[in-house]
Amino acid sequence: MKRLTSTARISALAAILALAFIPVSNTFALPLADAANRPVPRVSATPAHQALQAIADEYYNAVATFEPLGATENGDNRFDDQLGLSISPGKRALQFKLYRDFAQRIKAIKREVLNAEDRLDYDILRYELRGLIAMERFPEHLLPINQMDSVPVILANYAGGQASQPIGTVAQYDAYLSRISQMPAWIDQAISNMRDGIKKGITQPKAIMISALPQYKKLLSDTPETSIYYTPIKNLPASFSAADKARLTEAYRKQIAEQIMPALGRLAAFVENDYIPVCRTSTGLGALPDGAAWYQARVANATTTSLKPDEIHAIGLREVARIQSQFEILGPKLGYDGPPAGLPVWVAAQPKFRPFKTEDEVQAVYHKLNGVLDTKLPMMFTLVPKAKLDMRLEPELSRDTAADHYTAPAIDGSRPGVFWSVVTDPTKYGSTGMTTLFLHEGKPGHHFHIALMQELNLPDFRKFGGNNAFTEGWALYAETLGKEMGLFDDPAQYFGHLNDELLRATRLVVDTGMHAKGWTREQSIKYMRETLGYDEVARSETERYMAWPAQALGYKIGSLKIVELRHRAEEALGERFSLPKFHEVVLGDGTLPLALLEEKVDRWIDAQQ
């Protein structure tokens with residue numbers, strides 16, 4: 001899964017988990033836990049259980065080996081020395097054969113003999129495998145790069161050792177060197193795939209590749225020592241032996257000079273001279289061969305539902321109207337007396353909402369908010385992760401390619417969960433969205449879900465997997481809790497919350513508009529400007545959705561489902577409704593497709609009556 005967090009980079013593992021909606025049985029158990037909220041170890045040792053767990057373990061290892069960057073992004077650092085070549089047509093064919101083999105093996109297990117926990121593993125695994133197999137027909141490997149993510153950029157972001165791949169021990173230095181040493185082969189395969197895509201009429205839109213080109217040129221350097229991939233050597237720990245320092249320095253210098261820089265040069269030259277001139281001028285995925293079905297499959301992946309693009313488009317329009325109606329009430333409280341649609345532009349122009357002079361001042365707000373939440377969240381949550389949440393500034397070397405985001409704790413406990421604030425220029429860092437951002441990326445959003453999932457007694461494919469609708473849907477739902485905690489009593493912070501929510505609703509409209517309704521890039525930009533008041537952001541967001549069809553749909557669809565389930569439980573249970581218990585039910589089995597989550601909540605409601 002990628003799980004996919006709100007970083008502006010997609011998890012490779014999530015990218016391939018394009019899951020179709022599959023009806024499942026409704027016999028899942030609530031999580032078992034002791035009084036301290038520690039999961040009770042599974043005790044089933046039946047042959048069926050053992051067969052299922054063997055398939056689950058083999059499946060996870062196969063996926064992690066195929067897409068090791070995805071494992072790294074999801075907090076599993078056991079594959080950090082591997083890059084994989086999943087874009088190779090031959091390897092891709094073998095991987096899909098593995099998926100079909102796993103699906104056949106799981107069919108041989110009689111589901112009715114499994115206990116409740118095993119049935120949940122069974123159904124999620126079956127769900128994922130069917131969705132993966134359904135994606136084989138769509139040649140995503142012919143579109144290996146865009147302006148939002150590519151292997152060279154991801155590895156550059158890892159170079160500081162502060163992101164998902166740690167670089168602090170000799171073994172970790174060797175792992176990163178091993179990984180970047182595999183990049184030239186990946187680049188050459190990517191170029192070969194794009195040449196094949198040109199022949200088949202399957203290319204990226206020209207506009208997003210024009211935006212991507214400067215990234216690849218920026219990765220080039222005149223000397224190994226000035227390369228971003230040389231950053232670990234600049235940060236060599238004093239504790240390393242002289243022999244290790246000398247060996248690593250020479251190995252990094254040699255690999256960068258002789259292999260990596262020439263490969264990056266080939267990539268930049270190909271994109272500029274051969275690819276961009278023949279890229280398509282159309283906007284949406286629907287313009288490609290089999291594009292309508294391709295987009296529908298991606299919609300299923302992003303939302304874990306059977307919703308059609310037209311339905312999602314209509315939901316987006318309704319949500320935009322609802323949120324903008326709140327602006328009419330909120331505007332006067334901020335001192336604004338214009339039309340509701342103009343409120344975001346007005347707020348963006350007010351110096352009082354950009355009060356910072358230094359990075360430390362930005363960080364101080366987040367630290368204070370973290371302390372406030374420590375006093376308020378116990379009233380809403382009893383099931384919480386043991387892992388701590390740290391707050392850090394994004395390193396300077398990766399600020400240009402990052403947005404405020406969360407990274408998962410290391411599974412061995414060596415690194416906490418981290419909320420990263422990206423402060424390129426503190427004087428331009430807006431204050432109105434800080435509360436809702438921290439609720440989403442920090443706690444109780446991604447941290448309470450992702451860190452907790454690592455601590456639950458789950459198979460690896462669930463511990464390090466997931467889907468975007470639950471992951472981002474939970475984080476967006478978590479933002480709404482700010483109102484109940486009094487954190488949005490400040491009209492400026494409530495505006496920030498509504499403004500972010502409006503962006504998520506707008507995504508439903510423009511994503512489906514471009515990929516299913518024939519909207520042009522310019523139509524999307526115009527709609528976003530008129531709806532959100534953004535200028536440059538309208539362009540960059542539009543191009544994000546062009547590069548990642550359907551990815552942004554999961555946020556709002558997932559959040560709306562969780563809100564719906566909470567309202568259903570509140571109405572059914574009345575005074576017996578417990579918000580901490582509801583949150584435990586939602587989070588207690590880790591990430592679930594929305595259909596499974598709904599069935600689980602309905603069973604919980606029935607059990608209380």
Side-chain angles (χ1 to χ4, degrees), residues 1-9 11-14 38 60 64 68-82 154-180 231-232 234-240 363 366-367 370 373-374 384-399 401-422 438 440-456 458 460 462-466 471 475 590-591:
M1 111 115 277
K2 169 60 228 273
R3 89 182 40 111
L4 192 90
T5 68
S6 295
T7 77
R9 72 174 78 103
S11 157
L13 184 53
R38 291 185 297 267
Y60 175 75
L69 285 176
T72 297
E73 286 289 313
N74 291 335
D76 184 356
N77 294 113
R78 294 174 294 177
F79 302 85
D80 283 359
D81 63 335
Q82 301 174 37
I154 291 172
L155 295 186
N157 285 336
Y158 288 171
Q162 298 296 308
S164 297
Q165 177 161 0
I167 309 174
T169 67
V170 172
Q172 289 169 347
Y173 268 72
D174 283 328
Y176 182 70
L177 176 62
S178 172
R179 184 167 255 179
I180 62 174
T231 304
K234 296 179 180 178
N235 298 332
L236 277 169
S239 60
F240 282 14
Q363 284 292 88
Y366 287 124
H367 280 277
N370 186 55
L373 286 169
D374 283 341
V384 298
K386 295 187 284 290
K388 300 299 182 183
L389 176 67
D390 199 4
M391 281 143 285
R392 302 179 187 176
L393 283 165
E394 182 76 12
E396 187 173 354
L397 65 91
S398 54
R399 287 178 189 172
T401 56
D404 305 85
H405 62 280
Y406 172 81
T407 54
I411 193 64
D412 62 3
S414 61
R415 183 186 69 248
V418 179
F419 166 71
W420 297 92
S421 51
V422 181
F438 191 76
H440 183 115
E441 300 290 351
K443 61 189 186 189
H446 285 321
H447 184 62
F448 272 30
H449 165 221
I450 294 172
L452 179 64
M453 191 161 65
Q454 292 187 353
E455 298 169 10
L456 296 173
L458 300 175
D460 283 348
R462 291 176 58 195
K463 182 178 295 185
F464 299 111
T471 299
T591 308

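As a basis for the values below, the full set of heavy atoms in this structure was taken, side chains included, without hydrogen atoms, waters or symmetry mates.
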Can you tell me how far the CG atom of Asn235 sits from the OH atom of Tyr173, to the nearest 0.5 Å? 5.5 Å
Nearest 0.5 Å, please: how far is CD in Glu441 from CZ in Phe419? 7.0 Å
I want to check something: taking the side chain as every heavy atom from C-beta on, are Val384 and Leu452 in contact at a cut-off of under 4.5 Å? no
When rounded to the nearest 0.5 angstrom, what distance separates CG in Leu389 from OH in Tyr366? 12.0 Å
Minimal heavy-atom distance between Ala387 and Pro409, with the atoms involved, is CB-CG, 3.9 Å
Return the CE to OG distance between Met391 and Ser421, rounded to the nearest 0.5 Å. 9.5 Å
Within this structure, what is the OG1-CG distance for the pair Thr169 and Asp174, rounded to the nearest 0.5 Å? 8.5 Å
If only side-chain N and O atoms count, and only distance matters, is there a donor-acceptor pair under 3.5 Å linking Thr72 with Asp80? yes
Step-by-step side chain to side chain contact (heavy atoms under 4.5 Å, CB included) determination, Asp76 to Tyr60: CA-CA 11 Å; Asp76 184 356; Tyr60 175 75; 2.5 Å; yes
Please list, chain by chain and in numerical order, all residues satisfying side-chain contact (heavy atoms from CB on, under 4.5 Å) with Ile411, sequence neighbours excluded. Gln454, Lys463, Phe464
Would the distance check show the side chain of His449 and the main-chain N or O of Pro444 forming a donor-acceptor pair, the cut-off being under 3.5 Å? no
Verify, without hydrogens or angle tests, whether Tyr406 (side chain) and Lys443 (backbone) share a donor-acceptor contact under 3.5 angstrom. no
Identify, with sequence neighbours excluded, every residue that meets salt bridge (Lys or Arg N to Asp or Glu O under 4.0 Å) alongside Arg392. Asp390
Arg415 (side chain) donor-acceptor with Gln162 (main chain) under 3.5 angstrom: no
Can any side-chain N or O of Asn77 pair as donor or acceptor with the backbone N or O of Ser164 at less than 3.5 Å? yes
State whether Asp412 and Arg78 are salt-bridged, where the test is any N-O pair (Lys NZ or Arg NE/NH1/NH2 against Asp/Glu carboxylate O) under 4.0 Å. no
I need the Thr231 OG1 to Ile167 CD1 distance, nearest 0.5 Å. 8.5 Å
Counting only N and O atoms by type, is there a donor-acceptor contact under 3.5 Å from the side chain of Gln172 to the main-chain atoms of Gly168? yes
Leu69 vs Phe79 side-chain heavy atoms within contact, under 4.5 Å: no
Provide the closest heavy-atom pair for Gly465 versus Met453 in the form atom of the first, atom of the second, distance. O-CE, 3.6 Å
Taking salt bridge (Lys or Arg N to Asp or Glu O under 4.0 Å) as the test, write out the residues that go with Asp81, two or more places apart. none
Crowded around Lys388 NZ? As in, over 12 foreign heavy atoms under 6.0 Å? no
Would you call the rings of Trp420 and His405 parallel, tilted or perpendicular, where under 30° means parallel and over 60° means perpendicular? parallel
